[in-house]
Enquirer: 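Got a structure for you, written out below as structure tokens; questions coming shortly.
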Amino acid sequence: MDGVLIPTLVSGLLLGSLYALMASGLSLIWTTLGVFNFAHGALMTLSAYIAWTVSEQFGLGLVMGFVAGVGAAVIAGVLIELLLVRPFYGNRNMMLITVMTTLAASTILERGISMIWGPRLKQLPRTLDGQVSLLGAPVSAHEALIIVLAPAVLMALWWYTGRTRSGRSLRAVGQNPGSAALIGIDVPRTFSLAFGLSAALAGLTGVLLGSIRFVTPGLGADPLVNAMIVVIFGGLGSLGATAGAAYVIGLLEALLVLWLGLYWTPSVLFVALILVLVFRPNGLFGKAT
Amino acid sequence: MTRLLDITGLRAGYATVPVLHGIDLHLDAGEAIGLFGPNGHGKTTLLHAVSGLLKPTAGCVRFDGQDITGAKPSAIVAAGLVQAQQGNTLFGDMGVQETLELAAFNTRARSGWQTRLEEVQALFPRLAERKRQRARTLSGGERQMLSIGCALMCNPRLLILDEPTLGLSPRLKGELREAIAEIARKGVPLIVVEQDVEFLLALSSRLYLVEQGEIARMINRADAPDHKEIMEMYFGEQAH
Ligand SMILES: Nc1ncnc2c1ncn2[C@@H]1O[C@H](COP(=O)(O)OP(=O)(O)OP(=O)(O)O)[C@@H](O)[C@H]1O
Ligand SMILES: [Mg+2]
């Protein structure tokens with residue numbers, strides 16, 4: 001058992017890191033606009049494909065690929081907000097309408113990607129070569145980088161939303177758009193900012209994921225459901241709670257795969273989510289009301 | 001005296017309900033004016049139409065010679081016209097100090113924000129004592145102070161206060177009124193909505209009675225002797 005447990009925990013940590021990156025992007029939009037972006041996964045996929053084209057096809061290297069991938073995701077994210085979310089702002093059913101419009105964006109992006117890049121599997125090169133040892137288990141340096149990078153990105157986001165003018169303006173708009181406007185914050189611009197930042201996170205995650213898994217049109221959409229579970233599990237809001245939930249879900253998923261296998265793992269995760277919400281309606285780490 | 005705010009023929013409302021039926025009102029630099037009138041007759045609607053939260057359907061709002069009718073709220077604040085909302089809840093999960101710092105958001109407000117913060121804290125020492133407390137846990141009076149403090153942090157060239165003492169105890173009412181008088185003494189032009197006509201008369205040079213979405217009456221302080229009459233008229237109007 002000992003020989004399996006440590007690698008399982010490490011892979012749980014890796015999963016948790018990926019969920020943390022995805023969920024923080026989702027929760028950035030949720031806390032600012034009160035909507036879920038179902039195209040978040042498709043933005044990850046788009047970024048991975050663009051990065052692949054620039055880095056492998058054009059041979060410009062992974063750094064340029066990274067920049068192009070993240071840039072493309074940001075442009076697509078801002079366009080989604082502008083065309084598919086903003087027209088419904090202030091609508092009583094905004095939440096539900098944007099579930100549909102962002103799902104539509106996700107489908108269109110995925111189909112477009114299949115059309116342009118075809119069905120052949122692609123893979124991005126790793127950011128770092130070689131192996132390191134984590135808790136005595138061998139891990140690729142690239143995966144170790146993700147495990148280190150996720151908390152660093154979360155800390156940066158925490159600092160940004162808590163300490164900087166523009167980061168604070170995101171929270172202000174999320175809590176009271178009318179009052180935010182009356183202290184001079186441009187509310188629509190802040191929406192674009194939230195979508196752009198979230199898309200940048202999606203782009204970063206997509207490129208990182210694209211060298212662990214094969215780049216397919218479903219690259220980002222596959223883990224999206226779990227990332228949404230993470231956001232709800234954490235209690236829809238604070239960055240710290242979302243991060244905590246990401247690691248809980250990541251580790252739980254890795255252990256469940258070990259104990260129950262892939263087949264039953266998603267069902268058990270959902271049951272766990274429902275139980276948590278029954279006993280703690282504000283999420284695992286959410287504040288009691 | 002230059003004309004700071006000039007409102008002519010302003011109409012506004014909600015969805016299909018017109019509320020304002022042509023408002024004319026003006027304010028000169030260095031002046032304070034008061035608005036009063038029965039509940040639900042359009043005072044807040046008028047202020048929202050001026051600050052950009054509500055798009056006017058007709059008429060014109062000029063601020064410092066510039067046409068700001070229907071402009072974005074952020075642009076209006078950037079020009080210096082700042083409003084503290086009635087019963088404002090601000091940002092529930094943000095701390096007092098953080099909120100005040102954020103309120104110095106527009107470019108005109110950024111330089112010298114530290115000095116302004118000190119001024120606000122001198123004006124409302126309670127805010128200085130509660131730097132890290134979240135807005136949602138503040139008392140009604142403290143919230144009003146924070147709301148006015150935020151508006152001051154915007155570096156206003158004209159400050160609009162919508163019922164700043166609504167629902168407060170007499171002692172707190174007095175405290176806030178003293179602070180508002182202090183703001184006026186410092187030379188910040190003010191538009192104040194209040195139900196207490198005596199307070200408005202002491203503060204401002206002119207009073208407007210807003211009724212049925214119109215200016216039913218304009219009263220200059222020079223005519224103050226009949227302020228008893230104003231009271232009678234006001235309560236008389238309210239009775240029916
Ligand atoms: N968001 C809204 N949608 C529809 N009608 C509204 C809205 N806000 C206000 N009204 C209506 O507009 C009219 C004027 O309201 P307003 O808030 O301007 O009055 P007020 O003079 O500020 O009253 P108070 O002294 O109670 O603050 C009222 O009949 C009110 O019901
Ligand atoms: Mg009102």
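Residue numbering restarts at 1 for every chain, and letters A, B, ... go by the order of the sequence lines.
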Enquirer: Does the separation of the ring centres of Phe36(B) and Tyr208(B) fall below 6.0 angstrom?
Expert: no
Enquirer: Heavy-atom distance under 4.5 Å to chain A: side chain of Ala104(B), backbone, both or neither?
Expert: backbone
Enquirer: With only heavy atoms counted, which part of Ala78(B) is less than 4.5 Å from chain A, the side chain, the backbone, both or neither?
Expert: neither
Enquirer: Counting heavy-atom pairs closer than 4.5 Å to chain A, which one of Glu98(B), His48(B), Met153(B), Gln85(B) comes out on top?
Expert: Glu98(B)
Enquirer: Identify the two heavy atoms, one from Gly149(B) and one from Phe124(B), that lie closest to each other, and give their separation to 0.1 Å.
Expert: N-CE1, 4.3 Å
Enquirer: Walk me through whether Thr165(B) and Gln144(B) qualify under side chain to side chain donor-acceptor pair (under 3.5 Å).
Expert: CA-CA 8 Å; Thr165(B) 69; Gln144(B) 274 302 342; over 6 Å; no
Enquirer: Against the six-membered ring of Phe191(A), is Arg86(A) placed for a cation-pi contact (under 6.0 Å from the centre, within 45° of the normal)?
Expert: no
